[in-house]
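Because only heavy atoms are used, hydrogens play no part in the values below, and waters and symmetry mates are left out as well, while side chains stay in.
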Amino acid sequence: MATSQSPAGYNARDWPPFAVTVDLVVLTVRDGALSALVVRRGEQPFAGCLALPGGFVRESESLGRAAARELAEETGLAQLPVHLEQLATYGEVDRDPRMRVISVAYLALAPDLPTPRAGGDAVAAAWTPVASLLPEFFPGSAGAGPAGSTLAFDHAKILSDGVERARAKLEYSPLAAAFCPAEFTVGELRRVYEAVWGVALDPRNFHRKVTGTQGFLISVGDTTARQGGRPAQLFRLGDVTLLNPPMLRPN
């Protein structure tokens, strides 16, 4: 008799087995630089190499639950990011030397997160400037990172896709505020755009654009001098979901 687990005429052994993993591109801005959360692998393959946090999906868990578990196990970060979205699926036949592995990548964005703590099969975890991992994304950077900074598997491709997704979303959405505290200055917001895009922006033009975009920023009626110099006006994110006109990246 056919069951829900084994429908009539279907035999799972007719199909080759493969595994599913989740990988996380977790981005934040630290010390004025766009930084990614990376771990150093403690096991083969690619033992000793840097990699994005992630791992195999267990039989009884969803993709989202697997992503949260791997993030907590490998880095000690249990809090949910401000912004989390599915990035892409990666399925090149030879992307993992162990077996056929399909990876579902997630993009997570948040303001300054705490220092990670390594665990699981990761021997180290750290926030690393993206410019040292992907120097081609930041032409004015100091260049490639230190020895051993090459990412394992196809994680350089996944990271570059995540950075490009974040850059594009900053043009048309208010996502830049996800890197800021709840109340922020225009200068702090500008530095997020500069860090993510890898360019310098004219302060006056930027201020005019963001304050002139309806629904983007709302004044909280207070100022702060935490940046030094003259007190700057504080804002919070408005209810806009699509920036019109968009904040286009300089060529």
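- In this structure the side chain of Leu237 reaches within 4.5 angstrom of the side chain of Phe216, judged on heavy atoms.
- Every side-chain hydrogen bond (donor to acceptor under 3.5 Å, both in side chains) that Tyr90 has, sequence neighbours left out, goes to Asp161.
- With sequence neighbours excluded, the residues that form a side chain to side chain contact (heavy atoms under 4.5 Å, CB included) with Ala47 are Gln44.
- The shortest distance between side-chain heavy atoms of Cys49 and Thr150 does not fall below 4.5 Å.
- Taking the side-chain hydrogen bond (donor to acceptor under 3.5 Å, both in side chains) definition, one finds that Glu92 meets it with nothing, sequence neighbours left out.
- In this view, Gln233 and Ser219 satisfy the side-chain hydrogen bond (donor to acceptor under 3.5 Å, both in side chains) rule, not counting sequence neighbours.
- In this view, Thr185 and Glu188, Thr224, Gln227, Ala232, Leu234 satisfy the side chain to side chain contact (heavy atoms under 4.5 Å, CB included) rule, not counting sequence neighbours.
- Taking every heavy atom of both residues into account, Ser35 and Arg30 meet most closely at OG-CB, 4.1 Å.
- There is a path of hydrophobic side-chain contacts, each under 4.5 Å, that joins Leu175 to Phe137.
- Other residues, nucleotides and ligands contribute over 12 non-hydrogen atoms within 6.0 Å of the CZ atom of Arg98.
- By the salt bridge (charged side-chain N to carboxylate O under 4.0 Å, His left out) test, Arg65 is found to be paired with no residue, residues two or more places apart in sequence or in another chain being considered.
- Note: the hydrophobic cluster containing Tyr172 does not contain Leu109 (ILVMFWY, side chain heavy atoms under 4.5 Å, direct or indirect links).
- For the atom pair Arg165 CZ and Leu170 CG, the distance stands at 13.0 Å (nearest 0.5 Å).
- With sequence neighbours excluded, the residues forming a side-chain hydrogen bond (donor to acceptor under 3.5 Å, both in side chains) with Arg69 are Glu61, Glu73, listed by chain and number.
- Of all the heavy atoms in Val210 and Met247, the pair that sits closest is CG1-CE, 3.7 Å.
- Arg13 is linked by a salt bridge (charged side-chain N to carboxylate O under 4.0 Å, His left out) to nothing, counting only residues two or more places apart in sequence or in another chain.
- Put simply, the side chain of Leu217 reaches to within 4.5 Å of the side chain of Leu189, judged on heavy atoms.
- Of all non-hydrogen atoms in Ser132 and Thr128, the two that sit nearest each other are OG-CG2, 3.4 Å.
- Within 6.0 Å of CG in Asp31 there are 12 or fewer heavy atoms belonging to other residues, nucleotides or ligands.
- A heavy-atom distance below 4.5 Å is not found between the side chains of Gln214 and Val240.
- Using a 4.5 Å cut-off between side-chain heavy atoms of Ile, Leu, Val, Met, Phe, Trp and Tyr, with links allowed through other members, Ile218 and Leu243 fall into different hydrophobic clusters.
- Atom CG of Asp23 sits about 10.0 Å away from atom CG of Leu87, to the nearest 0.5 Å.
- Every residue two or more places apart in sequence or in another chain that forms a side chain to side chain contact (heavy atoms under 4.5 Å, CB included) with Thr89 is listed here: Ile102, Val104.
- Pro45 and Asp96 make their closest contact through CG-OD1, 4.4 Å (heavy atoms, listed as atom of the first residue, atom of the second, distance).
- Rounded to the nearest 0.5 Å, atoms CG (Leu133) and OG (Ser160) are 11.0 Å apart.
- Gly162 and Leu27 get closest at one heavy-atom pair: O-CD1, 4.2 Å.
- In this structure, the side chain of Glu70 does not engage the main chain of Pro53 through any donor-acceptor pair within 3.5 Å.
- Summarising the geometry, atom CZ belonging to Arg190 is positioned 7.5 Å from atom CG belonging to Leu201; distances are rounded to the nearest 0.5 Å.
- Residues Ile158 and Leu50 share a single hydrophobic cluster, defined by chaining ILVMFWY side chains whose heavy atoms lie under 4.5 Å apart.
- One N or O on the side chain of His155 and one on the backbone of Leu52 form a donor-acceptor pair closer than 3.5 Å.
- Taking both residues in full, the closest heavy atoms of Leu159 and Ala36 are given as CD1-CB, 4.0 Å, listed atom of the first, atom of the second, then distance.
- When atom types are taken as modelled, the side chain of Arg41 and the backbone of Gly48 share no donor-acceptor pair closer than 3.5 angstrom.
- Here CG of Leu63 is found 9.5 Å from OG1 of Thr21. Values are rounded to the nearest 0.5 Å.
- Checking side-chain atoms of Asp202 against main-chain N and O of Asn205 turns up a donor-acceptor pair under 3.5 Å.
- Counting only residues at least two apart or on different chains, no ring pair (Phe, Tyr, Trp, His ring centres under 6.0 Å) pair has a member in residues 225-251.
- Under the 4.5 Å side-chain contact rule for hydrophobic residues, Val26 and Phe153 do not share a cluster.
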Side-chain donor-acceptor distances from residues 177-184 under 3.5 Å, at least two apart:
none

task = Would you please test Val101 and Phe18 for side chain to side chain contact (heavy atoms under 4.5 Å, CB included) and show each step?
result = CA-CA 6 Å; Val101 177; Phe18 62 89; over 6 Å; no

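- When the side chain to side chain contact (heavy atoms under 4.5 Å, CB included) test is applied to Arg249, the partners found at least two apart in sequence or on another chain are Glu164, Arg167, Ala168, Glu171, Trp197.
- Annotation for Phe56: atom CZ counts as buried by contact number, over 12 foreign heavy atoms lying within 6.0 Å.
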